[in-house]
There are 2 protein chains.
Amino acid sequence: MEPEDWHLVRSTPLFGRIPKDVTARLVGSSGPRCYEKGALLFQQGDPADAFYVILEGWVKIARLTSEGGEAVVGMFRRGETFAEAAMFLGGRYPANAEVVAPSRLLKIDGENLRKSIRENPDLALCMLASASHHLKFLVEQIEQIKLLSAPQRIADFLIQQCRTRRGSCVVVLPYEKALIANRLGMKPESFSRAIGRLRNLGVSVDHEYVSIADVATLVAFVEKSSVES
Amino acid sequence: MEPEDWHLVRSTPLFGRIPKDVTARLVGSSGPRCYEKGALLFQQGDPADAFYVILEGWVKIARLTSEGGEAVVGMFRRGETFAEAAMFLGGRYPANAEVVAPSRLLKIDGENLRKSIRENPDLALCMLASASHHLKFLVEQIEQIKLLSAPQRIADFLIQQCRTRRGSCVVVLPYEKALIANRLGMKPESFSRAIGRLRNLGVSVDHEYVSIADVATLVAFVEKSSVES
DNA sequence: TGGGGACTTTGACGCGGATCAAACCGCAGC
DNA sequence: GCTGCGGTTTGATCCGCGTCAAAGTCCCCA
């Protein structure tokens with residue numbers, strides 16, 4: 001494995017706080033693999049035998065219904081791990097994983113993980129911390145869907161894209177608008193209209209570049225449902 | 001602690017698969033405590049120093065916004081544990097916990113838990129399994145809100161209340177209708193109307209008793225958005 | 001350079017659920 | 001019994017977002 005890749009793996013919360021040799025053993029000998037956009041890593045119901053580290057690219061986790069509906073429950077990027085919780089769910093992945101941008105991924109064997117945990121309690125604590133953060137994220141997602149309007153969810157998304165909490169800033173949308181719309185639980189048409197309605201809050205869109213006059217305005221808008229759009 | 005209580009604690013996935021003395025140490029010496037309906041156990045932002053086992057009653061976990069909005073993210077009952085994941089989130093509870101029916105709870109010290117985990121890797125595996133199930137539950141919640149209509153969410157809720165998957169059955173609503181509505185992400189008025197619309201699918205309501213002519217009909221209704229209500 | 005396909009935007013329209021308001025019901029207290 | 005109160009139902013109305021359809025726009029590639 002390339003030194004940059006190793007460094008990236010060691011920077012994840014899962015692999016960073018455990019002895020190097022444990023990390024090395026988990027990663028195993030099989031190197032990273034490249035995937036095209038559109039590739040399916042696993043599907044709901046498949047045997048859950050491995051999880052992944054993203055060295056490059058984007059992966060979408062979603063649930064599908066028999067009727068063609070899709071609910072995005074997570075978007076993961078470079079430096080993040082996903083599906084590790086599925087290693088403890090009794091054998092099956094609970095959702096689909098699809099590569100949505102050209103990616104390079106590291107596949108980690110689940111059985112290997114379970115063995116390492118018994119020998120290294122610190123690893124278990126890391127996994128618990130990771131799972132807890134993921135839980136918190138999902139709780140926030142539910143809150144967002146349940147009590148924010150479409151423009152507010154977009155505003156919230158934009159806020160999270162920029163580092164700062166006030167002042168002006170330009171964010172580059174990380175992936176297609178239709179995907180963002182899906183992640184935020186709305187249709188592409190609604191996304192387009194809703195982000196347009198943020199214009200008089202100082203948000204202007206030019207292709208994938210979104211410039212925000214004052215992030216604080218957006219923060220206020222997300223927190224107070226009474227603010228006019 | 002009473003023998004029945006001890007038995008109940010040992011029947012939870014968290015405390016059932018570890019040595020008895022570890023369970024005993026975790027439970028500690030402070031016995032169960034009773035709470036009135038309406039009591040707040042902790043609030044979003046409070047220092048997360050303990051989690052709970054429910055010996056009797058119901059507890060609601062919800063996120064509140066500054067504007068008075070509330071998003072229920074979990075309802076827990078007798079024999080279940082909650083807030084254990086918060087022990088690994090860096091010190092703060094991410095949501096509120098409110099007792100919604102007269103309850104008897106056991107409070108478990110978080111620091112105690114962290115210590116025990118280091119000495120007993122099996123406990124870590126139990127916690128991971130618990131957290132993973134919770135993750136799956138939240139993912140299903142998101143799916144439900146995103147792509148089911150109000151009547152479908154109610155139908156899904158009813159299905160989960162009855163053991164069987166087909167045939168007729170009478171379920172007793174576990175708590176107030178307004179609370180169920182809230183849990184399902186809708187207003188009480190919408191709940192009332194929506195459950196009324198399930199009448200011609202064989203669902204009739206009499207106060208807290210809901211009789212279902214054929215559960216399979218509801219299952220089909222939840223799965224296919226094309227079925228007429 | 002021009003054509004085709006994927007993505008995005010805009011428009012018209014309908015529906016589901018929220019909102020506001022009032023009536024209704026079961027129940028505890030006087 | 002009446003009264004008051006929390007919870008539920010019903011009614012009228014409104015608005016946000018989904019849906020269907022069409023027009024734009026960008027970009028890849030022949």
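In the text below, chain A, chain B and the rest are named by the order of the sequence lines, each starting its count at 1.
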| query | Quick check: are there more than 12 heavy atoms from other residues, nucleotides or ligands sitting under 6.0 Å from CZ of R10(A)? | reply | yes
| message | Could you check, using the six-membered ring where one of them is a Trp, whether H134(A) and F76(A) have ring centers closer than 6.0 angstrom? | response | yes
| field | Polar pair under 3.5 Å, donor/acceptor by atom type, side chain R197(A), base dT10(C) | value | no
| query | Would you call E176(B) and R183(B) a salt bridge, taking side-chain N to carboxylate O under 4.0 Å as the test? | reply | no
| query | Between dG7(D) atom P and L173(B) atom CG, what is the distance in whole Å? | reply | 15 Å
| field | Separation of atom OH in Y175(A) from atom C1' in dA6(C), rounded to whole Å | value | 19 Å
| query | Where each residue is assigned the nucleotide of DNA chain D containing its nearest heavy atom, which of R153(A) and E189(A) is assigned the position nearer the 5′ end? | reply | R153(A)
| said: Among dC17(D), dT8(D), dT19(C), which nucleotide has an atom closest to any side-chain atom of K177(B)? | reply: dT8(D)
| Within this structure, what is the CD1-to-P distance between I180(A) and dT8(C), rounded to whole angstrom? | 8 Å
| request: State whether K60(B) and E70(B) are salt-bridged, where the test is any N-O pair (Lys NZ or Arg NE/NH1/NH2 against Asp/Glu carboxylate O) under 4.0 Å. | output: yes
| query | What's the closest nucleotide to the H207(A) side chain, out of dT19(C), dC17(D), dC26(D)? | reply | dC26(D)
| said: From NZ of K187(A) over to C1' of dT8(C), roughly how many Å is that when rounded to an integer? | reply: 16 Å
| said: Heavy atoms from C-beta onward define the side chain here; which of dG18(D), dT8(D), dT8(C) lies closest to that of E176(A)? | reply: dT8(C)
| message | Quick check for you: to the nearest 0.5 Å, what is the distance between Y35(A) atom OH and L40(A) atom CG? | response | 11.5 Å
| Protein-nucleotide distance (L184(A), atom CG; dG18(D), atom P), rounded to Å | 11 Å
| Rounded to whole angstroms, how far apart are CE on M186(A) and C1' on dG16(D)? | 11 Å
| note | Whole-Å distance, I145(B) CD1 to dG17(C) P, equals 13 Å
| Among the nucleotides dT19(D), dT8(D), dG17(C), which one has an atom lying closest to any side-chain atom of A150(B)? | dG17(C)
| note | L148(B) atom CG is separated from dG17(C) atom P, nearest whole Å, by 10 Å
| task | Using only side-chain N and O atoms of S192(B), determine if any of them is under 4.0 Å from OP1 or OP2 of dT9(D). | result | yes
| request: Please evaluate the base of dG11(D) for a donor-acceptor partner in the side chain of R193(B) within a cut-off of under 3.5 Å? | output: yes
